[in-house]
Engineer: 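Sharing a structure with you now.
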Amino acid sequence: MNLISYKEFEKLRLKQFLPKNEITRVWNFEFMGKLWLGEVYGFTEFLRPLLSPFKTRSISISLEDLPEKTWKNMLAKLKLRFAKNSSLEEIESHLGKPVKIEKFTEDRLSYEFITGEKTKFYISCTLLTNGGLIYLVISNQKHIISEFDKKVF
């Protein structure tokens, strides 16, 4: 599966998808053990490392918080071919088998993937136990990918 290029990914900003007045800017935002800056709308986050403030390295998309048109535009831009409420089987048909499965609460599981042909991405998809995809994270942050890379490739 060919996803968005790193160069295109690094240029993405939340303000490309939502009105500026609906977005909160954040600094020293802790996520995955690192500090970030970026743009937030509910649980949707477009983040850049503090040490590399001009390059988006992580995007989290809450499919429940966003208008349908917005999340569809986001997924299309990332070249991800699934949607809200997609099943694990549908996601695996595009990303392959997960490298890790996490259970944070009783009603959902998060499936973690390393995927991409020309460029590798870490993708985490959270699915409701009695439903489908509701949340995803996509990152090209090297420390995240390398954690799994040794186990997968």
Side-chain angles (χ1 to χ4, degrees), residues 1-84 86 90-102 104 108-127 133-153:
M1 169 180 230
N2 282 321
L3 301 174
I4 188 172
S5 71
Y6 279 174
K7 189 174 182 176
E8 290 175 284
F9 185 83
E10 291 170 350
K11 292 179 184 177
L12 291 176
R13 301 293 185 268
L14 188 54
K15 66 184 175 185
Q16 293 170 263
F17 302 96
L18 287 169
K20 216 175 186 178
N21 64 337
E22 294 183 19
I23 297 169
T24 302
R25 295 177 56 85
V26 293
W27 292 266
N28 291 323
F29 187 84
E30 190 172 346
F31 182 69
M32 293 188 134
K34 301 286 182 188
L35 292 177
W36 307 76
L37 60 92
E39 305 161 327
V40 175
Y41 174 88
F43 289 101
T44 296
E45 305 150 357
F46 281 54
L47 301 174
R48 304 179 304 278
L50 286 178
L51 299 176
S52 185
F54 302 106
K55 296 180 178 181
T56 297
R57 298 279 191 201
S58 181
I59 296 174
S60 303
I61 302 172
S62 176
L63 302 172
E64 295 183 309
D65 292 344
L66 295 167
E68 183 175 351
K69 181 180 178 186
T70 302
W71 63 255
K72 281 185 174 182
N73 287 339
M74 289 176 177
L75 294 179
K77 186 71 175 174
L78 294 165
K79 299 183 182 175
L80 291 171
R81 297 184 190 107
F82 38 82
K84 183 177 179 181
S86 288
E90 291 170 307
I91 294 167
E92 285 179 336
S93 74
H94 297 291
L95 302 180
K97 294 289 183 192
V99 295
K100 188 174 181 183
I101 301 170
E102 296 275 356
F104 298 106
R108 63 197 70 202
L109 290 171
S110 292
Y111 299 87
E112 298 176 349
F113 303 85
I114 299 293
T115 192
E117 295 170 16
K118 293 181 182 177
T119 51
K120 290 183 184 176
F121 284 93
Y122 161 88
I123 301 176
S124 174
C125 297
T126 301
L127 284 75
L133 181 66
I134 58 164
Y135 184 79
L136 63 96
V137 176
I138 178 169
S139 178
N140 69 349
Q141 187 68 6
K142 289 180 182 171
H143 81 276
I144 298 169
I145 295 170
S146 64
E147 179 183 325
F148 294 99
D149 211 18
K150 296 173 192 144
K151 301 173 189 172
V152 181
F153 298 100

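The basis for the numbers below is simple: all heavy atoms, side chains too, and nothing from hydrogens, waters or symmetry mates.
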Engineer: Could you tell me whether the side chain of Glu112 reaches within less than 4.5 Å of the side chain of Tyr122, counting heavy atoms only?
Structural biologist: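 Yes; the side chains approach each other to less than 4.5 Å.
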Engineer: Locate the shortest heavy-atom distance separating Leu127 from Ser86; write the atom from each residue and the value.
Structural biologist: CD2-O, 3.7 Å
Engineer: Keeping Ser62 on the side-chain end and Thr44 on the backbone end, is there a donor-acceptor pair under 3.5 Å?
Structural biologist: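 No; judged by distance alone, with no hydrogens or angles, the pair does not exist.
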Engineer: If every non-hydrogen atom of Phe9 is compared with every non-hydrogen atom of Ser58, which pair is closest and at what distance?
Structural biologist: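 Reported closest heavy-atom pair: CE2-N, 4.0 Å.
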Engineer: Given side chains that start at C-beta, do those of Leu3 and Leu80 come closer than 4.5 Å, heavy atoms only?
Structural biologist: yes
Engineer: At what distance, to the nearest 0.5 angstrom, does CD1 of Ile4 lie from CG of Asn140?
Structural biologist: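 With rounding to 0.5 Å, CD1 (Ile4) is 9.5 Å from CG (Asn140).
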Engineer: Please confirm whether the backbone N or O of Lys120 pairs with a side-chain atom of Tyr6, one donor and one acceptor, at under 3.5 Å?
Structural biologist: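 Yes, Tyr6 side chain to Lys120 backbone: donor-acceptor pair under 3.5 Å.
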Engineer: Using atom types as modelled and distance alone, determine if a side-chain donor or acceptor of Gln16 lies under 3.5 Å from a backbone N or O of Arg13.
Structural biologist: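 A pair under 3.5 Å: yes.
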Engineer: Just by distance, do the side chain of Thr56 and the backbone of Leu12 share a donor-acceptor pair under 3.5 Å?
Structural biologist: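 Side chain of Thr56 to backbone of Leu12: a pair is present.
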Engineer: Ignoring hydrogens, what is the shortest heavy-atom contact between Arg48 and Gly38? Give both atom names and the distance.
Structural biologist: NH1-CA, 3.9 Å
Engineer: Evaluate the side-chain proximity of Phe31 to Val137: yes if any heavy-atom separation is below 4.5 Å, no if none is.
Structural biologist: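 In short, these two side chains touch, coming nearer than 4.5 Å.
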Engineer: Quick one: which of Leu75, Ile59, Thr126 gives a side-chain contact (heavy atoms from CB on, under 4.5 Å) with Leu136?
Structural biologist: Leu75
Engineer: How long is the span from the CD1 atom in Ile114 to the NZ atom in Lys100, to the nearest 0.5 Å?
Structural biologist: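 Result: 11.0 Å between the selected atoms.
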Engineer: Tell me, do Phe43 and Ser60 make a side-chain contact under 4.5 Å, heavy atoms counted?
Structural biologist: no
Engineer: Measuring only between side-chain heavy atoms, which start at C-beta, is Lys84 closer than 4.5 Å to Glu68?
Structural biologist: no
Engineer: Given Tyr135 and Arg108, is the side-chain contact (heavy atoms from CB on, under 4.5 Å) satisfied, shown in steps?
Structural biologist: CA-CA 10 Å; Tyr135 184 79; Arg108 63 197 70 202; over 6 Å; no
Engineer: So which heavy atom on Pro49 is nearest to which on Trp36, and how close?
Structural biologist: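 What the structure gives for the nearest pair is N-CE3, 3.4 Å.
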Engineer: Which of parallel (below 30°), tilted (30 to 60°) and perpendicular (above 60°) describes Phe46 and Phe17?
Structural biologist: tilted
Engineer: Quick one: closest heavy-atom pair of Tyr41 and Leu18, and the distance?
Structural biologist: CG-CD1, 3.5 Å
Engineer: Taking C-beta and beyond as the side chain, do Leu63 and Met74 meet within less than 4.5 Å on heavy atoms?
Structural biologist: no
Engineer: So, for Leu133 and Cys125, which heavy atoms are closest and what is the spacing to 0.1 Å?
Structural biologist: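 Scanning both residues, the minimum pair turns out to be CD1-CB, 3.6 Å.
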Engineer: Stepwise, does the side-chain contact (heavy atoms from CB on, under 4.5 Å) test hold for Asn28 with Leu50?
Structural biologist: CA-CA 7 Å; Asn28 291 323; Leu50 286 178; 3.1 Å; yes
Engineer: What residues form a salt bridge (Lys or Arg N to Asp or Glu O under 4.0 Å) with Glu64, not counting sequence neighbours?
Structural biologist: none
Engineer: Measure the spacing between OG of Ser5 and NZ of Lys79 and express it to the nearest 0.5 Å.
Structural biologist: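 Ser5 OG to Lys79 NZ: 7.0 Å, rounded to 0.5 Å.
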Engineer: Would you say that Glu30 contacts Leu35 through its side chain, given a criterion of any heavy-atom pair below 4.5 Å between the two side chains?
Structural biologist: yes
Engineer: With rounding to the nearest 0.5 angstrom, report the NZ to CZ distance, Lys11 to Phe54.
Structural biologist: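 These two atoms lie 14.5 Å from each other.
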Engineer: Do Ile123 and Ile91 touch side chain to side chain, with heavy atoms closer than 4.5 Å?
Structural biologist: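 They are not in side-chain contact.
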